[in-house]
Amino acid sequence: MDIYTGSVASKGIAIGTIKELAKKDNSVRRVSITDVELEKERFFKAQVKTMEQLDGLYELAKKEVGEENALIFDTHKMMVEDEDYTDSIINIIETQKVNAEYAVAVTSDNFALTFSSMDDAYMKERAADIRDISDRLINVLSNKDNSALTFETPCIIVADDLTPSETIQMDKTKILGFVTRKGSVNSHTAILSRTMAVPAIVCVPVPSDVDGKNAIVSGFDGSLILNPTEEKVALAKKRLELEKRHKELLLQYKGKETKTKSGKKINLYANVGSVGDVGLALQNDAEGIGLFRSEFLYLEQNDYPNEELQLKTYKQAAEMMAGKKVIIRTMDIGADKQIDYFNLDLEENPALGYRAVRICLTEEEIFRTQLKALIRASYFGKISIMVPMITSVWEVERVKEIMKEIEVEFTSKKIPFGKYEFGIMIETPAAVIIADQLAPLVDFFSIGTNDLTQYTIAIDRQNQKLEKFYDPHHPAVLKMIQMVAQAGKAHGIWTGICGELASDQELTKTFIDYGIEELSVSPAAIFAIRKLIRELD
Ligand code: PEP
Ligand code: MG
């Protein structure tokens with residue numbers, strides 16, 4: 001039995017078998033072969049297996065993100081079977097007498113080059129799809145498990161690090177826990193694991209040969225126990241049972257109001273990353289969605305999601321919440337959320353760089369598509385639109401101008417839309433300081449304490465080395481929250497918190513005393529916060 005310790009990113013206990021996520025190794029070696037027929041057969045078998053994987057992904061994606069989104073896997077299947085593509089691979093195997101992996105890699109490069117040199121933007125984008133299916137084929141050929149979505153049985157995931165897009169693509173029902181050697185408790189991957197209510201620990205010095213081993217992950221003391229003794233397993237099972245009972249006890253708060261003893265009502269909402277998570281919010285009795293991180297919709301795609309696809313997603317969220325508020329944050333791409341098709345330049349300081357509203361107000365057409373979908377979705381439910389990373393008044397004014405233009409267009413074209421609230425995230429010190437100038441322009445403020453902490457105390461939230469300096473309880477951060485709530489009150493708008501600090505029970509009373517009226521937390525945290533608020537005077 002060996003114990004390795006790191007930091008807790010998401011609470012809970014996991015007992016199970018480890019699945020080590022293979023590092024992405026895209027290098028392919030050219031190997032001479034003698035049996036051409038055998039090599040061709042190897043390729044055809046891999047082609048069939050790849051098609052099966054894509055079938056599985058299609059079904060999973062259909063469940064998670066809807067049929068329209070899932071269609072990409074259908075397109076990938078067509079590409080895998082494409083005659084020209086297959087002929088090219090077979091030809092290389094036959095003429096050069098080389099391994100199938102190499103033949104696929106060369107074909108992939110050739111086809112991708114052809115696509116990317118085409119004038120048509122749609123065809124250009126297909127280069128990424130060719131690479132994607134070819135990588136999948138190569139991984140099948142070399143028995144590498146490339147697909148984060150294809151765990152057959154529930155397992156504990158161990159990886160060097162996980163990106164938000166890898167995490168969002170995983171089949172949540174097959175994950176018992178996450179353990180990463182790198183990572184940070186404030187990263188979006190950590191936030192996703194909390195939303196998924198999956199125990200997660202980061203910065204754990206896990207050795208390299210753990211695949212298939214039995215383990216216990218403790219999202220309480222941050223430990224990973226490899227090959228645990230029976231005694232340890234029994235203890236962990238007891239803790240798991242306790243957790244289960246604790247959750248059951250909290251269930252009595254389902255349907256109860258979130259009110260202090262003196263009758264102060266707090267709106268207790270949920271943070272979600274996808275429509276799939278809206279189900280979790282409902283199960284946990286969220287009174288609304290306080291933060292729908294819309295950028296994950298972009299992260300799941302291979303190309304810009306069009307207006308119809310976005311409308312479908314937002315409409316679905318609004319309809320699922322059945323009249324409860326759904327606050328959708330416009331895309332917060334950039335920093336740690338990189339997307340290939342955005343073609344963002346590498347930056348020296350991505351957190352201070354080209355992200356969120358800065359992209360939106362530079363590439364307005366992309367933003368306009370999202371705003372159109374959001375405004376149309378307001379016809380189907382109680383949608384609020386919220387813009388992140390605001391630092392200046394002109395940004396808010398420009399966003400409002402664009403929204404006005406869209407409304408005028410919709411009215412003239414008789415495209416229906418409803419009433420919607422418009423708010424901004426307060427997550428930069430600049431926005432805090434000018435909150436009194438911003439308040440008259442918006443219906444609400446939602447404080448993003450994750451970034452506000454990062455920018456206030458100048459600590460990169462992604463840097464694991466700085467974790468002990470990343471202090472959301474820093475008096476400067478708390479003072480900022482108070483200032484925002486005061487500015488909001490003075491201008492008659494409500495202020496909420498949607499950063500991770502919203503679920504910090506040590507601060508719940510302080511926030512209410514400051515005048516915070518809404519807390520948006522991961523779905524699994526709702527009952528505990530409701531219990532606490534009901535016990536406050
Ligand atoms: C925040 O910064 O607090 C926030 C909620 O946004 P994100 O964590 O997605 O940056
Ligand atoms: Mg933020």
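When a ligand or atom number is given, it counts from 1 through the structure's own listing order. We count residues from 1, following the sequence as given.
Using a 4.5 Å heavy-atom threshold, the side chains of M321 and K382 count as separate. The shortest side-chain heavy-atom distance between Q370 and L297 does not fall under the 4.5 Å cut-off. Counting heavy atoms from C-beta outward, I526 and V521 have side chains that approach closer than 4.5 Å.
Here is the list of ligand 1 atoms found below 4.0 Å of a heavy atom in R461: 2 (O), 7 (P), 8 (O), 10 (O). Listed by number with element, the atoms of ligand 1 under 4.0 angstrom from any heavy atom of I191 are 8 (O). Interface atoms of ligand 1 facing T449, defined by a heavy-atom separation under 4.0 Å, are 3 (O). Annotation for ligand 1: atoms under 4.0 Å from non-hydrogen atoms of M425 are 4 (C), 5 (C), 6 (O). Proximity to D451 (heavy-atom distance under 4.0 Å) selects the following atoms of ligand 1: 1 (C), 2 (O), 3 (O), 10 (O). Counting the atoms of ligand 1 from 1 in the order shown, those under 4.0 Å from a heavy atom of G499 are 3 (O), 5 (C). Listed by number with element, the atoms of ligand 1 under 4.0 angstrom from any heavy atom of L291 are 5 (C). The distance from ligand 1 to the heavy atoms of G448 drops below 4.0 Å at these ligand atoms: 1 (C), 2 (O), 3 (O).
At least one heavy atom of K337 sits less than 4.0 Å from an atom of ligand 1.
When the heavy-atom distances from atom 6 (O) of ligand 1 to R329, E295, H188, E500 are ranked, the shortest goes to R329.
One finds a salt bridge joining R376 and E308 here, because a Lys/Arg side-chain nitrogen approaches an Asp/Glu carboxylate oxygen to under 4.0 Å.
A distance-only check finds a donor-acceptor pair linking the side chain of D460 to the backbone of Q462 [under 3.5 Å].
Residues N186 and R461 approach most closely at O-NE, 3.2 Å, considering heavy atoms. Closest heavy-atom contact between D451 and E427: OD2-OE1, 3.2 Å.
In this structure, R534 fails the cation-pi test against Y253, since its NZ or CZ atom is not both closer than 6.0 Å to the six-membered ring centre and inside 45 degrees of the ring normal.
With the Mg ion (ligand 2) as the vertex, OD2 of D451 and OE1 of E427 span 100° to the nearest 10°.
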